[in-house]
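Below is one structure, written out as structure tokens; the observations come after it.
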Protein chains: 2
Amino acid sequence: MARQSHIKLEELAEPLEEARLAFEKLDGLLGYRLRRAQASMHRDYMATVAGLDLTQKQTATLWLVHANPGVSQGSVAAALGMDRATMMSIVDRLEDRSLVIRKRSVTDRRRQELHLTPGGQDILRKVKARIAKHEERFKSLFTPQELELLLAALQKIQNA
Amino acid sequence: MARQSHIKLEELAEPLEEARLAFEKLDGLLGYRLRRAQASMHRDYMATVAGLDLTQKQTATLWLVHANPGVSQGSVAAALGMDRATMMSIVDRLEDRSLVIRKRSVTDRRRQELHLTPGGQDILRKVKARIAKHEERFKSLFTPQELELLLAALQKIQNA
DNA sequence: CGCAAATAGTATGTTTCACATACAAACAAC
DNA sequence: GTTGTTTGTATGTGAAACATACTATTTGCG
């Protein structure tokens with residue numbers, strides 16, 4: 001209330017330029033809304049895990065390798081919806097940081113079996129703990145029913 | 001039915017490696033689901049507008065400039081949640097392709113007023129037509145009520 | 001008024017990721 | 001055993017996010 005008396009003239013002016021642009025249905029597009037929501041969560045994610053230096057995809061890769069010791073690069077790529085080349089560079093970076101190791105498969109020597117190093121397991125534990133809070137911040141925006149519907153809707157879109 | 005007789009041994013084996021990885025709650029994360037859904041729509045978007053060579057952000061920029069002739073770069077950036085540097089490179093590319101023009105403002109010579117060229121208006125019209133079908137494909141996954149809830153939820157996340 | 005602070009745009013560089021293409025080694029199918 | 005497929009690898013391109021620093025301009029305030 002009292003704050004209104006501090007409002008400068010400029011803050012009340014320029015309603016078109018500074019405050020509100022005409023969106024003309026752009027904000028009614030599912031693709032647009034999805035992208036903005038993702039960007040918002042991504043920013044919060046990056047702030048949440050700051051210092052650990054793990055992107056969402058790097059974390060997802062560590063996560064799956066931990067849950068499936070010895071998986072091949074290709075399987076992880078397929079499970080996460082990335083192509084081999086992209087997975088390659090992700091694993092390269094994780095291996096450079098000694099978070100995962102590649103091990104040639106003995107049954108199929110084309111394959112690289114992926115395993116977490118102790119350091120990889122350690123950082124995964126830390127990032128999981130931080131993600132839990134980050135997730136809670138966003139999930140708490142919704143009731144359990146709303147959340148379930150939202151997750152189901154997102155999966156539907158993913159599989160469309 | 002008859003196809004089952006053609007199934008190779010290999011297609012039945014490797015249930016762990018090829019078919020289903022353990023996800024251990026990764027797929028219960030809102031951030032993960034959101035990212036996968038966005039990636040899916042993004043891929044479909046790119047396929048939909050193939051040949052026009054406009055990314056989502058480039059299109060959104062054209063869209064807002066068209067709806068708000070003469071907006072400043074910074075306003076568009078703020079409206080779309082990008083920083084100045086990112087907006088800069090987007091406008092650079094659009095200007096290189098002669099889809100938008102920059103015009104120094106006469107009332108505030110720091111500002112660049114953005115306008116669509118005829119070519120920019122033309123390509124925007126085309127991309128809008130294609131986006132309509134792309135949007136319809138995904139929106140038709142939901143009932144009107146579900147869709148409204150979904151859009152509201154995404155906006156909530158964006159503003160969190 | 002005049003100077004300090006804020007603002008708009010610009011330039012530059014780093015990092016991540018998606019995708020395309022091409023290639024080699026290993027394996028599978030017939 | 002040759003042919004075709006799969007797995008990983010190498011290489012290059014392009015989009016985008018972000019950080020930092022710099023200039024020009026405008027605004028705020030004493």
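Below, chain A is the first sequence line, B the second, and so on; all start at residue 1.
Listed for the B/Arg102 side chain is no donor-acceptor partner under 3.5 Å among the backbone atoms of B/Gln112. No donor-acceptor distance shorter than 3.5 angstrom exists from the side chain of A/Arg111 to the backbone of A/Arg104, with no hydrogens or angles considered.
Looking at B/Arg84 and B/Gln73, their side chains never bring a donor and an acceptor atom within 3.5 Å of each other. With 3.5 Å as the limit, one finds no donor-acceptor pair spanning the side chains of B/Ser105 and B/Asp108.
Exactly one residue among B/Glu135, B/Arg36, B/Met46 makes a side chain to side chain contact (heavy atoms under 4.5 Å, CB included) with B/Met41. That residue is B/Glu135.
Close to C/dA8, at under 4.0 Å from its OP1 or OP2, lies no side-chain N or O of B/Arg104. Phosphate contact (OP1/OP2 of C/dT16, side-chain N/O of A/Gln56, threshold under 4.0 Å): absent. A sub-4.0 Å separation between OP1 or OP2 of D/dA15 and a side-chain N or O of B/Ser89 is absent. One finds no side-chain N or O of A/Thr55 lying less than 4.0 angstrom from the OP1 or OP2 phosphate oxygen of C/dT15. Applying the 4.0 Å criterion to OP1 and OP2 of C/dA8, one finds that B/Arg109 has every side-chain N and O outside that range.
Residue contacts shown for B/Arg84 include a base, since a base heavy atom lies under 4.0 Å away. Within the nucleic acid shown, A/Met82 comes within 4.0 Å of sugar-phosphate atoms alone, with no base atom in reach, counting heavy atoms only. As judged by a 4.0 angstrom heavy-atom cut-off over every strand, B/Asp83 is placed among the base-contacting residues.
Residue B/Arg93 has its side chain nearest to D/dA15 when only D/dA15, C/dA11, D/dG8 are considered. Closest to the A/Thr86 side chain, of the nucleotides C/dA18, D/dT6, C/dT7, is C/dA18. Among the nucleotides D/dA15, D/dA19, C/dA18, the one closest to any side-chain atom of B/Ala85 is D/dA19.
Rounding to whole angstrom units, CD of residue B/Gln58 and C1' of D/dG14 are separated by 10 Å. Counting to the nearest Å, the P atom of D/dA17 and the OH atom of A/Tyr45 are 18 Å from each other.
The base of C/dG9 is not paired with the side chain of B/Arg110 by any donor and acceptor separated by under 3.5 Å.
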